[in-house]
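In this chain, residues are counted from 1 in sequence order. Note: hydrogens, waters and symmetry copies are ignored here, and every other heavy atom, side chains too, is used. Each ligand, and each atom within it, is numbered from 1 in the order the structure gives.
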Amino acid sequence: MVDELKLNKAIIHADFDAFYASVEQRDNSKLAGRPVLVGGRPYSRGVVASASYEARKYGVRSAMPMSRAIKLCPQAVMKRPRFDVYREVSNHVMEIFKTFTPIIEPLSLDEAYLDVTDKQTLTMTPPVIAKNLKLKVLEELKLTISTGVSTSKSISKIASDIDKPDGLTVVRPGTERDFLDPLPIESLWGIGPKTKDRINKQGIYKIKELASQDDFWFVENFGANAKLIKLMSLGVDERPVLIHKDRKSYSSETTLNEDTGDVILLKEIVSRLSQDVSNSLMKKGISGKTVKLKLRTSNFETFTRQISFMDPVQLSFEISEYATKLLEQEISEGMKFRLLGVGVSGFGHLEMRQDSQQMRLEGF
Ligand code: DCP
Ligand code: MG
Ligand code: MG
């Protein structure tokens with residue numbers, strides 16, 4: 001019986017409910033039970049980062065302009081984000097997860113996959129493990145998480161979202177397709193709002209309708225992702241929970257003491273960050289083909305811009321040159337920034353870079 005149980009992979013996806021907003025409610029008892037919005041200022045085009053469930057009843061959602069959110073829910077309490085606190089909570093929850101299984105893959109500050117396949121016993125079934133996980137998080141952090149339990153990452157992620165807040169949704173082995181079939185296609189990984197609209201126009205709304213399309217249709221509609229999305233729509237997802245992801249990028253970022261739009265100062269900061277990243281790359285002996293610039297404006301809008309090239313870069317002046325170009329494209333009159341970050345990804349080894357330079361020289 002136990003062996004039979006162990007044949008199935010057991011993966012839990014756990015995600016905090018209204019993460020930033022719940023932390024603010026927890027740390028200020030006056031906010032408990034009230035609509036809370038964490039994000040930028042309404043009069044400076046700020047957006048909502050997190051809305052408490054009390055605020056969501058009024059139609060408020062993440063990424064909505066704060067000014068609109070306040071119109072929908074005028075009694076909401078607005079809070080500025082406290083990123084340091086959220087990071088601490090995140091570290092703590094990952095430590096709690098580690099007491100359940102060493103196989104953990106964090107996806108962001110507030111969520112992770114846990115592979116508990118080998119932790120199952122007759123009594124300690126995956127749903128019981130998920131329940132204990134929720135209890136421990138509540139006990140230690142005074143915050144709720146929602147969990148999804150199934151045999152795969154994609155289904156567990158969908159399941160954890162289906163009964164928020166404080167949910168525990170179990171999709172038993174063998175019932176994956178029954179679970180997925182009636183859901184809207186945008187529940188699946190890789191189907192964002194634009195893709196959803198495009199597919200809906202063809203009269204396809206539910207995962208069941210999607211799953212019945214042929215391979216040719218999938219390739220035509222999803223290109224390189226066709227196979228993955230087809231398999232996921234059929235409830236097949238063999239991707240393992242990855243503990244140590246290969247590091248995909250090196251970056252350095254800084255929050256400014258004061259928001260600034262001073263171009264010379266911004267360029268200086270970009271240059272310093274590029275130096276940091278370059279040092280890390282040199283230590284590892286790697287170089288990357290993509291330079292990324294991260295910006296957070298004074299109204300808490302965060303975005304990234306990137307540029308890729310054939311020959312990888314490693315030296316700070318090269319990284320800085322590209323990052324500065326990206327910066328120049330984003331600066332406009334009156335715009336101020338509170339955070340800057342520079343990163344490099346798309347790694348190959350340095351030898352490859354030397355090779356390619358050599359080849360270029362030979363080509364002359
Ligand atoms: N976040 C953000 N901007 C977004 C989305 C999210 O700054 N557009 C931040 C704030 C969220 C946190 O990331 O609190 C976690 O994101 P989630 O998508 O998990 O959203 P929440 O935890 O806020 O709500 P939910 O209960 O739906 O998970
Ligand atoms: Mg969350
Ligand atoms: Mg999340």
Drop me the distance from [X]'s [atom1] to [Y]'s [atom2], to the nearest 0.5 angstrom.
X	Y	atom1	atom2	answer
Ile243	Ile104	CD1	CD1	8.5 Å
Arg338	Asn299	CZ	CG	10.0 Å
Lys292	Ser251	NZ	OG	8.5 Å

Going by the order shown, which atoms of ligand 1 are within less than 4.0 Å of some heavy atom of [X]?
X	answer
Asp15	19 (O), 28 (O)
Tyr53	25 (P), 26 (O), 27 (O)
Phe16	22 (O), 25 (P), 26 (O), 28 (O)
Asp17	26 (O)

Flag the pair [X] / [Y] as yes when at least one side-chain heavy-atom distance between them is below 4.5 Å, and no otherwise.
X	Y	answer
Val277	Val291	no
Arg56	Arg61	yes
Val38	Phe300	no

To which protein heavy atom is [atom] closest, and what is the distance rounded to 0.1 Å?
atom	result
atom 23 (O) of ligand 1	Ser50 OG, 2.9 Å
atom 22 (O) of ligand 1	Phe19 N, 2.9 Å
atom 20 (O) of ligand 1	Asp110 OD2, 4.6 Å
atom 24 (O) of ligand 1	Arg56 NH2, 2.8 Å
atom 12 (C) of ligand 1	Tyr20 CE1, 4.0 Å
atom 6 (C) of ligand 1	Ala49 O, 3.7 Å

Atom of Ser62, atom of Ser50 and distance for their closest heavy-atom approach: OG-CA, 4.3 Å
For Arg82 against Glu24, the heavy-atom pair lying closest together: NE-OE2, 3.0 Å
Heavy-atom nearest option to atom 8 (N) of ligand 1, drawn from Ser22, Ala63, Ser52: Ala63
Heavy atoms from other residues, nucleotides or ligands near CD of Glu238 exceed 12 (cutoff 6.0 Å): no
Apex the Mg ion (ligand 2) - arms OD1 from Asp15 and O from Phe16 - angle rounded to 10°: 70°
Proximity flag Pro165 to ligand 1, non-hydrogen atoms under 4.0 Å: no
Pair Lys157 + Glu111: basic N to acidic O under 4.0 Å: yes
Asp110 near the Mg ion (ligand 2) via N/O/S, less than 2.8 Å: yes
For the Mg ion (ligand 3), the closest N/O/S atom belonging to Glu111: OE2
Heavy atom of protein inside 4.0 Å of atom 18 (O) of ligand 1, strictly below: no
